[in-house]
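Written out below as structure tokens is the structure these notes cover.
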Amino acid sequence: MNNAKLQAFTPLFYLVWSDDLLTQKEFQTLQDFITAQTWLLPEEQQFLLSKITISNPPSRQNLYEWKSELEKIVQANPSINSIFDIVKALSNNDANINGLEPYFTKLENDLGYLGEEVISTFKTTVNSITSRTHTDSSFDISKLTALLDGDQADIINKVKAVISKPEFAYETSTDTTVYRTKVYEWCRILAKENFGNMAYPKEYGGGENIADYFAIMETLSYHDLSLVIKFGVQFGLWGMSVQLLGTAKHHEKYLQAIGSLQLPGCFAMTETNHGSNVKGLETTATYNHENKTFTIQTPNKNAQKEYIGNAAMHGQMATVFAKLIIDDHDYGVNAFIVPLRDADATVLNGITIGDCGLKMGLNGVDNGTISFNNVVIPKENMLDRFASVNENGEFESPIPSDNRRFFTMLGTLVGGRIGIPRSALAAAKSGLTIAIKYGDQRRQFGPDGGSEVPVLNYRIHQRRLLPHVAKTYAMHFGLQYLTNRFLARTDEEMQEIEALAAGMKSYSTWSTRDILQECREACGGKGYMSENRIDALKNDTEVYTTFEGDNTVLMQLVAKNRLSEFRKSFGEMGSMGIINYVYENARTAIAEKNPIVTRKTDADHLLDRQFHLQAFEHREKSILASAAKRIKKLIDSGLEPYDAFNVVQHQMIDVAQAYLERVTLEQFQIAVATVKDESVKAILNKLEQLYALSLIEKNKGWFLEDGYMEAVKTKAIRKMVNQLCWDIRPDAVPLMDAFNIPDSCLAAPIIFQ
């Protein structure tokens, strides 16, 4: 086609032939279009029609020549944005062609082509933003690592050095006995390093440093999670129950042996029929004043202790939770030290131990069942810090209220609800590091004529992983806040701290579950391979949502605490109290709910930390007031309070979730505000913005229903989340490097190729 006006039809011919053979419908559409161009001579029309003969498709050479011609035109004219722009350029702006834009646009639609997409196929790889994007750190990685590790940097580095040694090479045997034995050996090594006794008093060989103990637990979680749980059962649950529920005589007798692992033990609370409901435990400890002993008894099979770590193979003693019976009177659940095995590992008379067998994960932990048949223990084996039996055989307690005593006893063990979410956080960091680094290396697809690009360059892949990166950083600072609150606790704030720990345990472990699932999928088939570790991380952390309290049950506890705080501030759920609260909240939000603000979409506003926190606070307060109002209405209508709470249980979860999200965002913002290094602060600011906006986007239905935002704003937020993911992508790998996870712990071949 030497005639310029005939060359203008080249894009149409290339488009219809490049994907497949011409269809009858496409032929008819093009034929009608060509014959309608009366300004063409008959022979010109015939020539054009010959190029769309179904029985005579163009050769590969013809297609190549057409494409090359189109690429030259597009690359020589950067202003080209549509197929018609190409047509005009090819025709040398022929007057007949210039008036045909509406017809060409209709033809595109009839043929099913998107002009912008077509233009992109004619651009070179050099002009592709997706291809150009690559890893390039904008901050000092070592400074961010130092910020994350904080005051515990020394102990964290010491633990990393130990678990990087050859002795800690992962155990791959599927034989549970071999695996459990290896985990036990690892625990012995850690005990020799004085990691296990870190929280115990110095007079019993400990380090008297609970902050370091939590850091040890979290850092060990970069390694095998069976080790972490075994370590936690031995030195945390078993050892700290003796330390925190016992008195000096117990400390002197047991703590040094527990901390050195000379005395392996268990924490026997959960029963087959009673998991989260500790008050309902059926195991009994009956006091015999004549010989000053307790008889521990399992009254029925469903009252056996179940899922008890360290029970099936190694435990020699256990802290057993049982109902104290004196003269046929039930004094509620108390704790007792009960021998299980002798030093030769022989199970003692009256003790029956079973093996829970294979589990979904954590098969290096020897979970077992324990039953007691008239097992007699001496009086001094009662852990008597909060309750005891005096010399006259009478029950005594410094806490007169049964309820308060019970919750005080359990409150001393809140440390487990700090250790578990921090362990889950480390697992999430490991999974994300593997997935992000793999996404940076793994190449798929690419622009026409160009090379394949890293999958992490694709917006949808960024969307899958980078909001999780932001949430993981947010959780890091949120759990740091929880830990600090616990370390500096006072009796007056313990109830709030317990509720916060219960909530953060749920929030963190649910997050880890979701993050690891996304990491598995983001790594494709490679993520399914055991050698790449995501399966172990995923399976081992699944039960984190259950132990130390089922997450859903714990979230109810959080919500009830928030309602309790609400009542303290605004009266006993009285109508006026709720009305005043809602009014105050509405007055605070009124400026944010005016039409200008609800539609405000400029970048400065959407990225503003005050806007983020106000939105989270408004949601938290509104959901809390709504739940309180609904409960009161149900009770006023004649429902028992127990039934009223049952009706609104789903809303209680929302109350807890909104509270935890607000606390986490608030602590993230506070932490970022204290950062001195500007480059570190800048990347953390982006992560805070992504965390906040991705959660607003997730909850956009609520914000729209509430009238706090309009659709134009939630759409703008969605676009901003996309943009933040794109902006953070070059720093994605450096953000993972800042976790400083030892290569020997990551151990995933896909990121070391």
Side-chain angles (χ1 to χ4, degrees), residues 459-460 462-464 466-471 473-475 478 507 511 514 559 562 566 578-579 581-630 648 650-670 672 685-728:
R459 294 287 182 116
I460 192 62
Q462 295 167 10
R463 266 280 193 164
R464 296 175 74 177
L466 295 185
H468 286 312
V469 171
K471 190 173 188 180
Y473 269 85
M475 285 300 309
Y507 191 48
S511 295
D514 297 341
R562 301 320 299 157
F566 178 92
I578 294 172
I579 289 168
Y581 180 84
V582 173
Y583 172 73
E584 287 298 322
N585 192 39
R587 193 170 68 171
T588 302
I590 198 161
E592 302 159 38
K593 275 188 160 185
N594 73 60
I596 295 174
V597 177
T598 58
R599 298 172 189 158
K600 198 171 183 182
T601 59
D602 63 276
D604 286 345
H605 170 67
L606 295 182
L607 296 175
D608 181 61
R609 62 202 302 269
Q610 188 177 8
F611 157 60
H612 301 157
L613 191 56
Q614 284 176 342
F616 278 49
E617 287 174 341
H618 174 73
R619 182 166 180 268
E620 177 193 2
K621 291 178 180 178
S622 298
I623 290 174
L624 177 58
S626 173
K629 190 175 178 182
R630 189 165 180 223
V648 302
H650 69 286
Q651 202 167 351
M652 299 285 272
I653 300 294
D654 292 339
V655 168
Q657 190 80 18
Y659 163 68
L660 294 165
E661 287 173 352
R662 189 268 302 165
V663 169
T664 302
L665 175 65
E666 192 171 55
Q667 294 310 312
F668 196 0
Q669 290 186 346
I670 289 170
V672 174
N685 263 322
K686 287 181 185 177
L687 289 174
E688 180 274 325
Q689 291 161 349
L690 180 56
Y691 172 69
L693 291 178
S694 61
L695 280 179
I696 292 173
E697 181 189 29
K698 179 183 175 183
N699 296 312
K700 68 181 178 182
W702 186 91
F703 284 109
L704 289 167
E705 285 179 3
D706 182 70
Y708 193 80
M709 296 177 191
E710 292 190 17
V712 65
K713 189 165 189 172
T714 57
K715 287 178 182 176
I717 286 171
R718 183 180 66 227
K719 290 178 182 176
M720 186 58 76
V721 168
N722 282 340
Q723 188 59 47
L724 283 166
C725 288
W726 182 260
D727 293 343
I728 291 168

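We're numbering straight along the sequence, starting at 1.
- Qualifying side chain to side chain donor-acceptor pair (under 3.5 Å) partners for D514, counting only residues two or more places apart in sequence or in other chains: none.
- The shortest heavy-atom contact between F611 and H605 is CD2-O, 3.4 Å.
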Would I728 and V469 count as a side chain to side chain contact (heavy atoms under 4.5 Å, CB included) if you check the C-alpha gap in whole Å, the side-chain angles of each, and the deciding distance to 0.1 Å?
CA-CA 10 Å; I728 291 168; V469 171; 5.8 Å; no
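- In terms of the ring pair (Phe, Tyr, Trp, His ring centres under 6.0 Å) criterion, residue partners of F668 (sequence neighbours excluded) are, by chain and number, F477.
- Between atom CG of residue L660 and atom CE of residue M475 there is a gap of 8.5 Å, rounded to the nearest 0.5 Å.
- R662 is linked by a salt bridge (charged side-chain N to carboxylate O under 4.0 Å, His left out) to E620, E666, counting only residues two or more places apart in sequence or in another chain.
- No side-chain heavy atom of Q462 sits less than 4.5 Å from a side-chain heavy atom of N722.
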Donor-acceptor pairs under 3.5 Å, side chain of residues 687-697 to any protein atom, not counting sequence neighbours: which ones?
{"unit_1": "E688", "atom_1": "OE2", "unit_2": "H612", "atom_2": "ND1", "d": "3.1"}
{"unit_1": "E688", "atom_1": "OE2", "unit_2": "Q669", "atom_2": "NE2", "d": "3.0"}
{"unit_1": "Q689", "atom_1": "NE2", "unit_2": "L607", "atom_2": "O", "d": "3.4"}
{"unit_1": "Y691", "atom_1": "OH", "unit_2": "Y507", "atom_2": "OH", "d": "2.8"}
{"unit_1": "S694", "atom_1": "OG", "unit_2": "L690", "atom_2": "O", "d": "2.7"}
{"unit_1": "S694", "atom_1": "OG", "unit_2": "Y691", "atom_2": "O", "d": "3.1"}
{"unit_1": "E697", "atom_1": "OE1", "unit_2": "R463", "atom_2": "NH1", "d": "2.8"}
{"unit_1": "E697", "atom_1": "OE2", "unit_2": "R463", "atom_2": "NH1", "d": "3.3"}
{"unit_1": "E697", "atom_1": "OE2", "unit_2": "R463", "atom_2": "NH2", "d": "3.0"}

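- Here the closest heavy-atom approach between residue A627 and residue V655 is recorded as CB-CG2, 3.7 Å.
- The shortest non-hydrogen separation linking W702 to H618 is CH2-CD2, 3.7 Å.
- For F703, the ring pair (Phe, Tyr, Trp, His ring centres under 6.0 Å) partners are Y708, not counting sequence neighbours.
- Separating the CD atom in Q651 from the CG atom in D654 is a distance of 7.0 Å, to the nearest 0.5 Å.
- Note: N699 CG to R619 CZ = 3.5 Å, rounded to the nearest 0.5 Å.
- If you take CD on E617 and CG on L665, they are separated by 9.0 Å, rounding to the nearest 0.5 Å.
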Pair T601-K719, side chain to side chain contact (heavy atoms under 4.5 Å, CB included): steps then yes or no:
CA-CA 10 Å; T601 59; K719 290 178 182 176; over 6 Å; no
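- Residue D602 comes nearest to K600 through the heavy atom pair OD1-CE, 3.1 Å, listed as atom of the first residue, atom of the second, then distance.
- For the atom pair CG (L724) and CG (N685), the distance works out to 10.5 Å, reported to the nearest 0.5 Å.
- Scored by the salt bridge (charged side-chain N to carboxylate O under 4.0 Å, His left out) test, R630 finds no partners at all (sequence neighbours excluded).
- In plain terms, the two heavy atoms of A559 and M652 that are nearest each other are CB-O, 3.2 Å.
- Residues A474 and T664 share a closest heavy-atom pair of O-CG2, 3.5 Å.
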